[in-house]
Protein chains: 2
Amino acid sequence: MNNLNKATNISLEEAARFLLSKDDILILSHANPDGDTFGCSYGLCGALQKAGKNVKIACADPLPANFFHLREAIKEQDFEEKTVVSVDIADKSLLGKLENEYGDKVDLAIDHHLSHAPFANLRYVDDKAAACCEIVYDLIKLLGVGLDKATAQCIYTGIATDTGCFKFGNTTGLTHIKAGELMEYGFDCAALNYRLFDMKSRSRIRLEQFVLEHLDFFAEGKGAVVALQKQLLEGVDSEDINGISALPRMIEGVEVGIVLKEKEDGWKASMRSFKTDVQKICKKFGGGGHLNAAGCSFKDMAAEDIIGKIKAAVCEELGYTAK
Amino acid sequence: MNNLNKATNISLEEAARFLLSKDDILILSHANPDGDTFGCSYGLCGALQKAGKNVKIACADPLPANFFHLREAIKEQDFEEKTVVSVDIADKSLLGKLENEYGDKVDLAIDHHLSHAPFANLRYVDDKAAACCEIVYDLIKLLGVGLDKATAQCIYTGIATDTGCFKFGNTTGLTHIKAGELMEYGFDCAALNYRLFDMKSRSRIRLEQFVLEHLDFFAEGKGAVVALQKQLLEGVDSEDINGISALPRMIEGVEVGIVLKEKEDGWKASMRSFKTDVQKICKKFGGGGHLNAAGCSFKDMAAEDIIGKIKAAVCEELGYTAK
């Protein structure tokens, strides 16, 4: 490792040549993993194994059940890594509990975040890509090993999940064209989409019911907030809890939707919007995120006081006086 | 009109030449219209107007508010039609109250239903197309007038709505590739997708709450049924009522989901499944539809009796004994 070389931008062709010149490769996904980071790591792992490499995967958190299909793309291998690659990781702190071990040992970072904070020796970052899997798809093609049904399914999973199944504003014409090419590998796309997007567990249903019943509308219905107490979240999958954050904003007229979740040490707020800069609002409370999806945490405060503060901040941003 | 020529299959090139040789064209959409039939009619109308033709649209039912964007593609014209084209219509009875006037006067039918029952002089039917708009997209290209932002948005609307935003099993690689090409025309795809798929009206939310609270699970959770009384549906958009039919089947473990809606003259059941043949079940009660989406009606029966009969039929199909 050479700190002088940190953050060297390379082309995707150079990234492919780099990977083909190495062996005993470890691929890292970010903590609180999603379909994109795991789609990248399993897809790239499968392709590099096909190229004759020893490759394995690590993540601070386990693979959620709705992504078990990704495992079909790889075989489990055990060896001591000589090369470390990160996928879909914007900042080394996102390695979670793996940061201490690998934070300064990443040889190549492949990412699509505008906010990418260089930490690897070499990096390829394309913030125009809707999903990091779009980049990994092009990279696999450059490796010359070709895709198969299982790796195509990994890449599709990342693209579909990061775009809300092609619904969000990050979706481009190229995103669709890549998805179309991937579908030609013949995996059961409809069954996969059902698991990824439509299936609701009974506990998810119960949470949705609670949210819909207890939503507190403000700013003439442009704001909607709900607080989920700890006991309500006990035993509920993190996937189900995360998914619920988008629900208030789906209601007609709602511009900013906020879900408060009680944690061991306080409350976490997740904000979603269409045009309003919720990152700016969350920043006021020490949080951050993206323009339309951001979060912040509160300690030693009652939910009703937090809601009061959030309402006031959202109303100010929307040009209303809080009631 | 010449009955001897009824049901002549023509190529898409012939269909394009036919349209270019005609003028004063009326395009018909099916009753209980959806995004595909209206996407076809507005998109094709816009393209033919660009080719210098007089073109207008007719449908037994009005354009729902969530499809108002389609109007951007056309200019209103008034004239006496000399040529009649139907889009996405499998059977002339689906013209609804326009059947008497136009049922035997359709010159060209463009459709994608496997079950197409010939009624027009000329027809082009491709049951491999996920949406009839996939066909109309190819047809517009053959007209030689090119697409613009507004017509591209019409075609995208049909493709996206008929595939559940690229989630359903009818989606092919080609569907994605066409969507990718259409997005290049630069309409606001994310805002459109929100209106088409994610926005929930307050009345929709209330219906969803009722369904989730009153779902009756049977056959070890593989079946779920709910009855929606007339007073619950009063003043609710037909779009919202239709959308609710898919909800019970979204719950983990549910294989057959049934929603009963009370009508003026009895009850209508909508069944959705993954693998179970619900068309077969509905047929027992005089209804019909597709393998995974079917319906039937009941008169002079109480909801609880209907539910009993439906449960028994579903259990039999699933291999259970009704409880």
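Computation of the quantities below employed the complete heavy-atom set of this structure, encompassing side-chain atoms and omitting hydrogens, waters and symmetry-equivalent molecules. The sequence lines fix the lettering, A, B, ..., with proteins before strands; numbering per chain opens at 1.
- When B:Met183, B:Glu208, B:Arg204 are compared by the number of non-hydrogen pairs under 4.5 Å with chain A, B:Met183 comes out ahead.
- For A:Arg249, the part sitting under 4.5 Å from any heavy atom of chain B is the backbone (N, CA, C, O) and nothing else.
- Of the residues considered (B:Gln209, B:Glu184, B:Arg195), B:Gln209 shows the highest number of contacts with chain A, using heavy-atom pairs under 4.5 Å.
- The residue among B:Thr171, B:Ile251, B:Leu174 with the most heavy atom pairs within less than 4.5 Å of chain A is B:Ile251.
- Heavy-atom pairs under 4.5 Å with chain A were tallied for B:Asp198, B:Ile205, B:Leu215, B:Ile177; the largest tally goes to B:Asp198.
- Checked against a 6.0 Å centroid threshold, the rings of A:His176 and B:Phe166 count as neighbours.
- For A:Phe197, the part lying under 4.5 angstrom from a heavy atom of chain B is the side chain only.
- Ranked by non-hydrogen atom pairs under 4.5 Å with chain B, the options A:Phe168, A:Tyr194, A:Phe274 are led by A:Tyr194.
- A side-chain donor-acceptor contact under 3.5 Å links A:Ser273 and A:Asn292.
- Salt bridge present: B:Lys280 and B:Glu317 bring a charged side-chain N and a carboxylate O closer than 4.0 Å.
- Annotation: cation-pi geometry not satisfied between A:Arg71 and A:Phe38 (NZ/CZ under 6.0 angstrom from ring centroid, within 45° of ring axis).
- Contact annotation for B:Phe217: only side-chain heavy atoms (C-beta onward) come within less than 4.5 Å of a heavy atom of chain A.
- Between A:Leu147 and A:Tyr137 the shortest side-chain heavy-atom distance falls below 4.5 Å.
- Across all non-hydrogen atoms, the minimal contact from B:Val226 to B:Phe210 is CG2-CE2, 4.3 Å.
- You'll find the side chain of A:Thr151 stays beyond 4.5 Å of the side chain of A:Tyr42, heavy atoms only.
- Taking chain A as the reference chain and counting heavy-atom pairs below 4.5 Å, the highest number among B:Glu181, B:Glu213, B:Arg206 is found for B:Glu213.
- The part of A:Tyr156 that comes within reach of chain B is its side chain, from C-beta onward, which places non-hydrogen atoms under 4.5 angstrom from that chain.
- Taking 4.0 Å as the cut-off between side-chain N and carboxylate O, B:Lys200 and B:Asp240 do not count as a salt-bridged pair.
- Comparing B:Asn170, B:Asp188, B:Thr172, B:Leu196 by heavy-atom pairs within less than 4.5 Å of chain A, the highest count is held by B:Thr172.
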